[in-house]
Amino acid sequence: MIVAPGSTIGIIGGGQLGRMLAMAAAELGYRCHIFAPDDAPCAAAVAAAHTQAAFDDAEALGQFAAAVDVVTYEFENLPVAPLAALGAKMRPGARSLASAQDRCVEKEFVASVGGRVAPWRTIDGPNDVAAAIAALGLPLVLKSRRFGYDGKGQAWVRDPSEARDAWDAIGAPAGIAEAAIDFLAEFSVVLARTEAGECALWDSPRNTHESGILRRSELPAGDPIERQVGEAQAIARRIADALGHIGVLTVEFFACADGPLVNEIAPRVHNSGHWTIEGAETSQFEQHIRAVCGLPLGSTKRTARQVAMTNLIGDEADDWAAPLAESGTHLHLYGKGEARPGRKMGHVTHLN
Ligand code: ATP
Ligand code: MG
């Protein structure tokens, strides 16, 4: 299926990922229509149209899908059934969505294609935590099975007495316990896959998190990441192939002493790929648009020896003047308005 420039792309989700997708689509001559529940999502400020409706409003989704030429998403916590009904018009498809929105389903799926994951147990109530401690040891991390992002819905258990508070803290009807992974570093594989199964991969950045939120992505990633990237890329390709994924897919990895271990999958463009806007010949956003519209993929070659992307979180974005004054530095602000603590407001990419 080819969706030619001039057509309309529907994007479900109105955050910064949708905003940067819409900007890349506009450069290729497309119009974008955003579907999001908020009244002024930052993606709609750079798009041709906005439908304001809940993500689970099947009737609104149907009308939205009828008004556009292809539907994609920047956010994976969406009801699968109404979107599966869109069939081939939705890219990536429902299988990618379903496999990435529940952490237990995701781990079983990754293991089924030969990827290693942290030892884990399903947690359906506070009483399951003791059994998880017996099986996995301490410390362990409790996470909500669904709807987690930026470290939200997570609580560490370092002592059996913390089990009850941790369960209450995640505030979810169903959870997962994961063994603590003693990793050497974190990195991600970001790839794009076409309908025909062609894959393009970018270099893998070293990712540093603070308080569960990505702080920086840096290239070159150095050791031990560079030694593990080949194996990680092979796992990521198997994941993308098994899903029949169309578009950009991200796999977050822990680099461990005994090799790469999959942390999680995002069936979409990802924060650890923002560096590609200036740091690669084709950005993850343009590549996603190319893939879902059936255009040929572009080169993923790095444009600079060193690239570093730093997120601007909360009121850090108020200091926009400093990066503007620096050579080799590119400022991105998402136009989100209120700078709440922990909210991703923008990012800065430095090339060297
Ligand atoms: P995002 O959507 O931003 O990727 P998330 O809420 O889905 O975040 P995770 O990726 O599961 O969260 O975890 C966030 C970070 O917490 C990881 O990048 C890692 O630094 C740490 N972490 C998560 N799980 C484990 C684990 N089992 N062992 C050690 N560290 C972990
Ligand atoms: Mg993560």
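Every number for a ligand or one of its atoms is a count from 1 in the order of the listing. We number each residue from 1, following the sequence as shown.
- Counting protein heavy atoms under 4.0 angstrom from atom 29 (C) of ligand 1 gives one or more.
- The shortest contact between atom 25 (C) of ligand 1 and any protein heavy atom is with Phe254 CZ, 3.8 Å.
- Short contacts between ligand 1 and Glu264, defined as distances under 4.0 Å to a heavy atom of the residue, involve ligand atoms 1 (P), 2 (O), 4 (O), 5 (P), 7 (O), 8 (O), 9 (P), 10 (O), 12 (O).
- A salt bridge is absent between Arg158 and Glu162: the closest approach of a Lys/Arg side-chain nitrogen to an acidic carboxylate oxygen does not fall below 4.0 angstrom.
- Protein heavy atom closest to atom 8 (O) of ligand 1, with residue, atom name and distance, is Asp150 N, 3.4 Å.
- Heavy-atom contacts of Glu186 reach the following atoms of ligand 1: 17 (C), 18 (O), 19 (C), 20 (O) (cutoff under 4.0 Å).
- Within the structure, side-chain hydrogen bond (donor to acceptor under 3.5 Å, both in side chains) contacts touching residues 248-263 (residues at least two apart or in different chains) are Arg116-Asp258, Glu252-Asn263, Glu252-His270.
- Of all non-hydrogen atoms in Pro37 and Ala54, the two that sit nearest each other are CB-CA, 4.2 Å.
- In this structure, Trp202 and Trp275 approach most closely via the heavy-atom pair CB-CZ2, 3.9 Å.
- Using a 4.0 angstrom heavy-atom cutoff, Leu214 does not count as in contact with ligand 1.
- With salt bridges taken as basic N to acidic carboxylate O contacts below 4.0 Å, one links Glu178 and Lys143.
- Salt bridge status for Glu264 with Arg103: present, with a side-chain N to carboxylate O gap under 4.0 Å.
- For residues 55-67, there are no side-chain hydrogen bond (donor to acceptor under 3.5 Å, both in side chains) pairs, not counting sequence neighbours.
- Nearest protein neighbour of atom 6 (O) of ligand 1, counting heavy atoms only, is Gly151 N, 2.7 Å.
- Residue-ligand proximity: Phe253 is placed with every non-hydrogen atom at 4.0 Å or more from ligand 1.
- The residues Asp241 and Arg237 are annotated as not salt-bridged, no charged nitrogen and carboxylate oxygen being separated by less than 4.0 angstrom.
- Heavy-atom proximity to His209, at under 4.0 Å, picks out these atoms of ligand 1: 18 (O).
- Checked for salt-bridge contact, Glu210 and Arg215 meet the test: a charged N lies under 4.0 Å from a carboxylate O.
- At least one N/O-N/O distance between Ile181 and ligand 1 falls below 3.5 Å.
- Checked against the 6.0 Å centroid criterion, the rings of Phe35 and Tyr73 do not qualify as a close aromatic pair.
- Between the choices Glu210, Lys344, Lys143, Lys152, the shortest heavy-atom distance to atom 23 (C) of ligand 1 belongs to Lys143.
- The OE2 atom of Glu252 and the OE2 atom of Glu264 meet at the Mg ion (ligand 2) at an angle of about 90°, given to 10°.
- Protein heavy atom at the shortest distance from atom 16 (O) of ligand 1 is Gln154 OE1, 4.3 Å.
- Applying the 4.0 Å criterion to heavy atoms of Glu252 picks out, from ligand 1, the atoms 4 (O), 10 (O).
- Of the protein's non-hydrogen atoms, the one nearest atom 14 (C) of ligand 1 is Gly212 O, 4.0 Å.
- Contact check on Asp150 versus Arg343 returns no salt bridge, with no Lys/Arg side-chain nitrogen under 4.0 Å from an Asp/Glu carboxylate oxygen.
- Near Ala180, meaning under 4.0 Å from any of its heavy atoms, are these atoms of ligand 1: 28 (N).
- If you number the atoms of ligand 1 from 1 as listed, the ones under 4.0 Å from a heavy atom of Ala179 come out as 26 (C), 27 (N), 28 (N).
- Within the 4.0 Å heavy-atom criterion, the part of Asn263 lying near ligand 1 is the side chain and not the backbone.
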